[in-house]
Amino acid sequence: MTRLSGSGLSVDLPSGWEGSIDGGGFPQLASGSRAPTLLHAASFPLPVERGSFGSGATELMNTDDILIVLFEYAQDSAGAPLFAGQGMPRSLAPEDFHRDALQRTIAGQSGMQHFFTEGGRPFCLYVVLGSHIDRADLVPRVNEVLATIVIT
């Protein structure tokens with residue numbers, strides 16, 4: 001396992017996985033609060049150039065690959081109804097994944113997204129599986145990583 005930490009997030013990545021924790025692309029807020037954060041974790045080599053929700057990476061996925069994105073929204077979104085759910089789900093089911101839940105539809109893949117607030121911070125958890133058909137085999141690997149994510 002490799003531990004990534006930064007900006008109040010940490011995750012343990014299994015052997016062979018890659019990841020990053022970076023600023024989410026928001027400018028520093030006038031109030032002086034920190035910029036939101038973006039976490040990428042993948043079971044395949046991540047390209048340097050990729051979008052916040054994995055564009056540029058999902059096209060490189062094989063059928064046994066997984067991409068996990070944790071995208072933090074601006075702090076003032078925390079009170080919005082979209083983020084009313086409290087806490088990141090750390091155990092997903094194969095039924096949570098759908099072919100039409102992808103930012104960009106790629107044949108064979110499926111995804112899920114869940115908006116929530118944890119520790120007063122609004123996030124979207126977005127997960128892409130390389131194979132919708134094999135989701136029952138891939139989801140336990142997703143859950144192993146989700147169980148290690150800490151948001152402070």
Side-chain angles (χ1 to χ4, degrees), residues 1-26 35-74 77-78 80-119 121-152:
M1 291 277 197
T2 300
R3 172 153 286 215
L4 292 179
S5 296
S7 300
L9 296 179
S10 66
V11 62
D12 293 331
L13 299 177
S15 179
W17 281 57
E18 289 190 7
S20 64
I21 298 175
D22 300 305
F26 293 100
T37 303
L38 173 66
L39 179 149
H40 284 152
S43 64
F44 60 98
L46 286 168
V48 174
E49 296 291 324
R50 60 185 182 273
S52 296
F53 287 92
S55 60
T58 55
E59 297 85 351
L60 304 175
M61 293 175 68
N62 292 317
T63 56
D64 61 343
D65 285 330
I66 297 165
L67 173 69
I68 298 172
V69 175
L70 192 56
F71 184 91
E72 183 178 15
Y73 284 82
S77 298
L82 180 63
F83 299 97
Q86 293 298 307
M88 185 185 83
R90 288 174 170 81
S91 182
L92 302 175
E95 298 76 31
D96 295 329
F97 290 83
H98 305 280
R99 290 183 171 124
D100 61 356
L102 297 166
Q103 180 190 32
R104 178 172 175 233
T105 302
I106 296 177
Q109 293 183 355
S110 66
M112 64 77 59
Q113 63 180 347
H114 180 79
F115 295 87
F116 65 94
T117 298
E118 185 165 322
R121 298 171 68 181
F123 288 95
C124 176
L125 171 65
Y126 178 64
V127 181
V128 179
L129 304 178
S131 172
H132 181 74
I133 292 171
D134 295 330
R135 64 192 181 281
D137 295 326
L138 295 172
V139 170
R141 293 173 50 207
V142 171
N143 290 339
E144 287 177 32
V145 175
L146 294 181
T148 73
I149 294 177
V150 176
I151 300 171
T152 57

Tested for side chain to side chain contact (heavy atoms under 4.5 Å, CB included) against V69, the lone hit among L38, L39, L125, V127 is L38
Looking only at heavy atoms, the pair that brings M61 and L129 closest together is CE-C, 3.9 Å
Quick one: pull up CD in E18 and OG in S43 and give me the separation to the nearest 0.5 Å. 10.0 Å
CG of L4 to CD1 of I21, rounded to nearest 0.5 Å, is 5.0 Å
For D96 and H114, run side chain to side chain contact (heavy atoms under 4.5 Å, CB included): C-alpha distance rounded to whole Å, both residues' side-chain angles, the deciding distance at 0.1 Å, then the answer. CA-CA 10 Å; D96 295 329; H114 180 79; over 6 Å; no
From T152 OG1 over to E118 CD, what is the distance, rounded to the nearest 0.5 angstrom? 9.5 Å
Can you list the steps and then say if R104 with E59 is a side chain to side chain contact (heavy atoms under 4.5 Å, CB included)? CA-CA 9 Å; R104 178 172 175 233; E59 297 85 351; 2.4 Å; yes
What pair of heavy atoms forms the shortest contact from S10 to R3, and how long is it? OG-NH1, 3.8 Å
What are the two closest heavy atoms between A41 and L13, and how far apart are they? CB-CD2, 3.6 Å
Between L70 and I151 the two heavy atoms that sit nearest each other are CD2-CD1, 4.2 Å
If I compare all heavy atoms of G111 with all of A101, which pair ends up nearest, and what's the gap? O-CB, 3.2 Å
Distance check, rounded to the nearest 0.5 Å: T117 atom OG1 versus M88 atom CE? 13.5 Å
For the atom pair OG1 (T63) and NE2 (H132), what is the distance rounded to the nearest 0.5 Å? 14.0 Å
Got a second to check how far Q109's CD is from N62's CG, nearest 0.5 Å? 10.0 Å
Side-chain contact, heavy-atom cut-off 4.5 Å: W17 with V11? no
Determine whether more than 12 heavy atoms belonging to other residues, nucleotides or ligands lie under 6.0 Å from atom CZ of R90. yes
For the pair F115 and F83, name the ring-plane relationship: parallel under 30°, tilted 30 to 60°, perpendicular over 60°. perpendicular
Show your working on side chain to side chain contact (heavy atoms under 4.5 Å, CB included) between D64 and D134 and close with a plain yes or no. CA-CA 8 Å; D64 61 343; D134 295 330; over 6 Å; no
Would you say Q86 has more than 12 foreign heavy atoms packed within less than 6.0 Å of its CD? yes
Look at atom CG of L82 and say whether more than 12 heavy atoms of other residues, nucleotides or ligands are closer to it than 6.0 Å. yes
Minimum heavy-atom distance A42-L67, with the two atoms named: CB-CD1, 4.0 Å
Restricting to ring-ring contact (aromatic ring centres under 6.0 Å, His included), what partner residues turn up for F53, sequence neighbours left out? F71, Y126
Does a donor on one side chain sit under 3.5 Å from an acceptor on the other, for R50 and S20? yes
Could you walk me through whether D100 and T105 pass the side chain to side chain contact (heavy atoms under 4.5 Å, CB included) test, one step at a time? CA-CA 7 Å; D100 61 356; T105 302; over 6 Å; no
